[in-house]
*Asks:* 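Supplied in structure tokens, the structure appears directly below.
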Amino acid sequence: MGDPGGRLHYHVCVEERYMQHRILHGAEYNPDQWLEEPEVLEQDIALMREARIDTVTLGTFSWSLLEPEEGVYSFEWMDEVMERLERAGIRVILATPSGARPRWLARKYPEVLRVGPDRRRRLFGERHNHCFTSPVFRERVYELDRRLAERYGRREHVILWHISNEFSGECHCELCQEAFRRWLYDRYDGDLEALNRAWWTAFWSHRYTSWEEIASPSPLGEPNLHGLNLDWRRFVTHQTVDFMLVEVRALRDGGPSLPVTTNLMGFQRDLDYFRLARHLDVVSWDSYPLWHGRGRTTPRVACGELDHNWDPEGRDWVLASGVAWAHALHRGLGGGRPFLLMESTPSHTNWQPWSKPKRPGMHVLSSLHAVAHGADSVQYFQWRAGRGGSEKFHGAVVYHDRRTDGRVFQEVRELGGILERLGGMEGSRVEAEVAVVFDWENRWALEDAQGPRNDGRLDYVEECWRWFDAWHRRGVGCDVVHPEGDWSAYRVVVAPLWYLVKEEWADRVARFVEQGGVFVTTVWSGVVEEHDLCHVGGFPGPLRGLVGVRSREVDVLVEDEVRRVAGVWGVCEGRLLCDVLAVEDEGVEVRAVYADGFYAGSPAATRVRRGRGWAYYVGTLLAQEGIDWLVGELMGEAGVVPALRVVPEGVDVSVRVTEEGRRYLWLLNFREHEVVVELPEGVWRDVLGGGERRGVLVLPGYGYAVLES
Ligand SMILES: [Zn+2]
């Protein structure tokens, strides 16, 4: 999956009309809300030019206007908008409108409405409330998409298809149940006994005797059959992708093959984006960090379900690291290529606990942050705030006061000018010599497990981010990679809480290490195989031979209980889980021991040389300071060189390298006061500030610099 399906033809797109040698600056444009006020639409174009917006996303929620009744299509309004945009030289990312369907469709064909795990059919309402399996829904979407492609796919200023909107959720209707059973039948080669073994259905006497007995997980019935749960999540991804491919086919059938994307949502839980992204030409995502937010309203704050939306202590540079981690994910989904920032807010959202505006300077800084970490665009939701509806208080380039002399409009305009000057950087890659493994299947299985702790504190996304953050704070570029991705470019790969490990993956990891790679895994890894059945012979299962240690048992620390861990680097805390380890290989070196507990003095972290590389095993979840120390050791062992010798707290560092080898160092200060940065040796060209820099650089509060070596 390193090159997901080989379908990405991003570089071809960059060369052609897609990017036109600049970083896109755009917004989601909803003229369908203003058709009765033509003067508003006329003003829009002039205002877009004033704001230096060069691209808009059009038509995301326009179904009820494009097809007001079944089979009756109305494109005239869109023709007019298209022509206006074309005349102004504004490019269009054209959306398919399947994210929200018209009322007539639900009234006429109730099968298009989603059924919940409680087996109740939803009423019409909201968006993303449709069955992905319904033949009627698929047919109506196909017919509309094909017509859009026929009508607009050849227009010079239409550059990209934006399929649907934020795919998510699941449907438990009878059509979906039937599709699930067919998918399982194929997966298990028609062998029901193989399914019974894989799901361990002898437990509680839950054997299936016919395929018809299989139903999706439900709180009313079967919520804790882990093999079923895992296969259901895989099926939901499969079915969503299958639906998306109907849309891709419609677009291909209707016109020339423009590249396709769909807007993803970071570390959402529902879908395995590594599988979905294989079918995209370019990855794009919607990023909504709440800058300057603080306070803890849920245990999953910095990362996880809320997608690193704010830092509990209000440290914007910590939040920036979480956002960089999400950007790295989207690079990883595209095999390391740049992605598009499809949505962000120019000021505030309306759906977070607080709709806090960005302080002066933060808009430019946070947008450049996305570009520093691999984005080839900065786009907003939304161009103009609608007067009604659920998101009427969501930030917009043109807000309800309709003024252009306000702070938000002016900062958008300022950013547009900066992005123009960054032309030529599109297509460049983010430099990274280390990676953290991330796998949705692992996450699903780990979160579904009952035990060893059920208090929700074993947070896979956050644990992975803590390792990313340790590299990031040292100025080392870090990627996110799938277990089956291409690891060959990395010196170090870290796989924290790698609970689900397929037998065949052990050989890949062993080869990576033999050839000189450094591999690190932690407690609660190698526990189950792909069906969520436990590995036998001791954890970490198939990785045991590589790391040379075995977990005898796992101690679980309750509440604020911690274990002291004494390492060659110092003493720190172990958290949440502690392996009691047996050393099984003479070559194993103990790097840290437990300093207390009934297993005091026994190994807490080990390493062993294999071929030209090292395999590390960390038997607990180290406090951040322990991870930092270990990362320091790994940098030395693997010869990883940071972009800056010393990274001042608050400064975010990234490096982008063009195909021709031009190297750009990005320095972004997320503190409100100035910071002094000691530059690496040599003379640096200041791309935005002009002139040359050497020695030290003073970054003002929320200041930034892009330096070319
Ligand atoms: Zn359904």
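Note that ligands are numbered from 1 as they come in the structure, with each ligand's atoms numbered from 1 the same way. Atom set for the values below is all heavy atoms of this structure, side chains included, hydrogens, waters and symmetry mates excluded.
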*Asks:* Using a distance-only test with no angle check, is there a side-chain donor-acceptor pair under 3.5 angstrom linking S390 and R127?
*Replies:*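 Looking only at side-chain atoms, R127 and S390 do not form any donor-acceptor pair under 3.5 Å.
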*Asks:* Hey, are E447 and R443 close enough for a salt bridge, meaning a charged N less than 4.0 Å from a carboxylate O?
*Replies:*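 Salt bridge present between E447 and R443.
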*Asks:* Under a 4.0 Å threshold between the charged nitrogen and the carboxylate oxygen, would R187 count as salt-bridged to D191?
*Replies:*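 The answer is no: the pair does not qualify as a salt bridge.
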*Asks:* Near the Zn ion (ligand 1), which protein N/O/S atoms are found at less than 2.8 Å?
*Replies:*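 N, O, S partners closer than 2.8 Å: C131 SG, C171 SG, C173 SG, C176 SG.
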*Asks:* Just by distance, do the side chain of H535 and the backbone of V527 share a donor-acceptor pair under 3.5 Å?
*Replies:*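 Not at all, since once roles are kept as given, no pair shorter than 3.5 Å links the two residues.
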*Asks:* Side chain to side chain contact (heavy atoms under 4.5 Å, CB included) with E391: which residues, sequence neighbours excluded?
*Replies:*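 Partners of E391 by the side chain to side chain contact (heavy atoms under 4.5 Å, CB included) criterion, ordered by chain and then number, come out as N350, W351, F381, H394.
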*Asks:* For S216 and R119, what are the C-alpha separation, side-chain angles and deciding distance, and is it a side-chain hydrogen bond (donor to acceptor under 3.5 Å, both in side chains)?
*Replies:* CA-CA 10 Å; S216 62; R119 305 304 194 253; 3.1 Å; yes
